[in-house]
Amino acid sequence: MSNKMTAAEPVRLRRRTLKDGRQSLYLDIYFAGGARQYEYLRLYLLPDGTKEAREANKRTMRLADAVRAQRLLDYEAGRLGVQAGAMSADPDADFLAFFRALTEARGEFSAGNGGNWKSTYGHLRRYAKNRPVPMRSVTPSWCEGFRTYLLTEAVCQNRMGRAGLGDAVPLAANSRQSYFAKLRAACHEAVRRKMLPSNPCDGIAGIPNEEVERPYLTLDEVRRLAAVPCRYAPLRRAFLFSCLTGLRKSDIIALRWGDIREEGGFTRIVFRQQKTGGQEYLDITPEAVAYLGERGRPDDRPFHDFHYSAITNTELRMWAARAGIGKEITFHTGRHTFAVLMLELGTDIYTLQKLLGHKFIATTQIYAKVLDDGKRAAVSRIPSIEPQ
């Protein structure tokens with residue numbers, strides 16, 4: 001590994017081999033003027049000879065990367081002359097570099113939220129035409145311009161439009177809302193660190209959320225789906241497991257046998273949600289247990305052979321079509337299916353909130369709109385208007 005440092009990459013993660021074969025991880029920090037500082041993290045990589053060692057090393061590297069990202073934030077604050085009660089001494093410092101450091105710090109702790117920060121960073125770069133953005137340029141007008149860009153120009157990256165290969169797909173309304181909220185949060189953090197005198201997003205209306213259709217399968221459709229073959233067996237197992245448990249694909253992929261326990265005659269999954277970081281306890285049915293397969297070692301993953309991609313999503317739709325289901329579904333439809341099925345079976349909204357791991361009841365109440373027996377009953381009482 002090269003020891004050359006640059007101001008463009010001021011904090012590097014390095015390793016040093018010890019006599020016992022382990023590798024000690026440390027940070028090599030470069031300061032303007034050539035000064036350097038080393039921080040030993042007391043984290044060690046094991047000799048990469050077994051599966052257990054490789055898994056342990058992955059976890060160690062994720063932790064080390066999180067520390068590096070936090071040190072990069074600290075570095076940015078120091079390089080920008082941040083001092084208590086004082087504005088940054090460098091109004092030409094790059095806001096995008098600061099935003100990237102925030103993104104790296106958040107990505108380790110929440111896969112879903114981290115992905116949103118990365119997407120926002122990508123759109124900020126495109127809005128700025130890949131040029132640096134001095135802190136003095138982050139004004140209300142500049143932030144309003146980014147809001148307009150999200151509403152009128154921004155398109156999804158790495159996606160194909162339905163009309164044909166390579167068609168631009170506009171951002172979903174909720175993505176626009178999320179990305180502008182990330183800019184507001186970054187500006188708030190810059191104010192807290194004395195890099196900006198005030199939040200330039202204050203006074204600018206946020207982009208409202210938009211209710212979207214949540215496609216779900218009926219119990220009859222799930223049974224029809226289970227009755228026809230799927231060309232990708234791991235997809236069949238994982239999707240039907242989601243329909244019976246409500247787990248997101250990120251949680252299914254991350255699930256380990258050590259998370260699955262037998263308690264009081266029930267099989268319980270004790271896990272931390274990948275999207276929210278919330279600690280969850282979920283009892284599952286014997287049929288759902290069957291989709292897990294044969295129990296392995298605590299660190300083994302029941303769905304180790306399931307890999308999600310655009311091709312997987314296409315196969316999911318083709319599988320549904322073979323079952324006579326014409327709905328536009330994605331893997332997340334399994335979670336929606338579970339929620340609606342629970343309501344149909346009489347589960348109250350507060351219990352459903354706990355089953356889905358929602359922090360706010362309002363999120364769960366969206367499903368009550370999907371299934372409203374009261375509205376069905378009201379409509380059924382409309383008398384005939386045709387002559388008898």
In terms of side-chain geometry, is the basic nitrogen of Arg256 or Glu55 positioned less than 4.0 Å from the acidic oxygen of its partner?
yes
Between the side chain of Arg224 and the main-chain N/O of Gly324, is any donor-acceptor distance below 3.5 Å?
yes
May I ask you to say whether Asp299 pairs ionically with Lys51, meaning some side-chain N is under 4.0 Å from a carboxylate O?
no
Would you say that Pro10 contacts Leu72 through its side chain, given a criterion of any heavy-atom pair below 4.5 Å between the two side chains?
yes
Are Tyr40 and Arg16 packed together at the side-chain level, in the sense that at least one heavy-atom pair is separated by less than 4.5 angstrom?
yes
Is there a side-chain contact between Asp94 and Val133 (heavy atoms, below 4.5 Å)?
yes
Establish, yes or no, whether a centroid distance under 6.0 Å links the rings of Phe303 and Phe241.
yes
Decide yes or no on side-chain contact (heavy atoms from CB on, under 4.5 Å) for Arg62 and Lys58, but give the supporting numbers first.
CA-CA 6 Å; Arg62 285 197 295 268; Lys58 287 180 182 178; 4.1 Å; yes
Would you confirm whether Arg295, through its side chain, and Trp257, through its main-chain N or O, come within 3.5 Å as a donor-acceptor pair?
yes
Applying a strict under-4.5 Å side-chain criterion to I, L, V, M, F, W and Y, I'd like to know whether Tyr44 and Leu25 cluster together.
no
Side chains of Leu124 and Lys182 in contact at under 4.5 Å (non-hydrogen atoms)
no
Going through the distances and angles, do Ser250 and Tyr308 end up as a side-chain contact (heavy atoms from CB on, under 4.5 Å)?
CA-CA 9 Å; Ser250 57; Tyr308 190 81; over 6 Å; no
Would you say the ring centers of Phe306 and Phe331 fall short of 6.0 Å from each other?
yes
What I'd like to find out is whether the side chain of Ile361 reaches to under 4.5 Å of the side chain of Gln365, using heavy atoms alone.
yes
Would you indicate whether the side-chain heavy atoms of Arg15 and Met61 approach each other to under 4.5 Å?
yes
Check residues 233-240 and write down every donor-acceptor pair under 3.5 Å in which the side-chain atom is one partner and the other belongs to a residue at least two apart or another chain.
from, atom 1, to, atom 2, distance (Å)
Arg236, NH2, Ala226, O, 2.8
Arg237, NH1, Tyr291, O, 2.7
Arg237, NH1, Leu292, O, 3.3
Arg237, NH1, Pro302, O, 3.4
Arg237, NH2, Pro302, O, 2.9
Arg237, NH2, Asp305, OD1, 3.2

With a 4.5 Å cut-off on side-chain heavy-atom distances among I, L, V, M, F, W and Y, is there a chain of contacts connecting Phe360 to Leu352?
no
Relative to each other, are the rings of Phe146 and Tyr149 parallel, tilted or perpendicular (30° and 60° limits)?
parallel
Applying side-chain contact (heavy atoms from CB on, under 4.5 Å), name anything that partners Val228, two or more places apart in sequence or on another chain.
Trp319, Ala323
State yes or no: do Tyr350 and Tyr367 share one hydrophobic cluster built from I, L, V, M, F, W and Y residues joined by side-chain heavy-atom distances below 4.5 Å, directly or via other members?
yes
Arg248: which residues meet the side chain to side chain donor-acceptor pair (under 3.5 Å) condition with it, sequence neighbours left out?
Gln273
Mind checking whether Glu263 and Tyr281 have side chains closer than 4.5 Å, heavy atoms only?
no
Just by modelled atom types, is the Leu356 backbone N or O under 3.5 Å from a matching donor or acceptor in the Arg335 side chain?
yes
Membership question, hydrophobic clusters at under 4.5 Å side-chain separation (ILVMFWY): are Leu282 and Val270 in the same one?
no
Side chain proximity check, His304 to Ile253, heavy atoms < 4.5 angstrom:
no
Where the side chain of Thr267 meets the backbone of Ile260, is there a donor-acceptor pair that is under 3.5 Å apart?
no
Please check: side-chain N/O of Ser242 versus main-chain N/O of Leu247, any donor-acceptor pairing under 3.5 Å?
yes
Full working for side-chain contact (heavy atoms from CB on, under 4.5 Å) between Leu27 and Leu41:
CA-CA 7 Å; Leu27 297 178; Leu41 304 180; 4.0 Å; yes
Got a donor-acceptor contact below 3.5 angstrom from the Arg68 side chain to the Arg12 backbone?
no
Is there a path from Leu345 to Phe338 through hydrophobic residues (I, L, V, M, F, W, Y) whose side chains come within less than 4.5 Å of each other?
yes
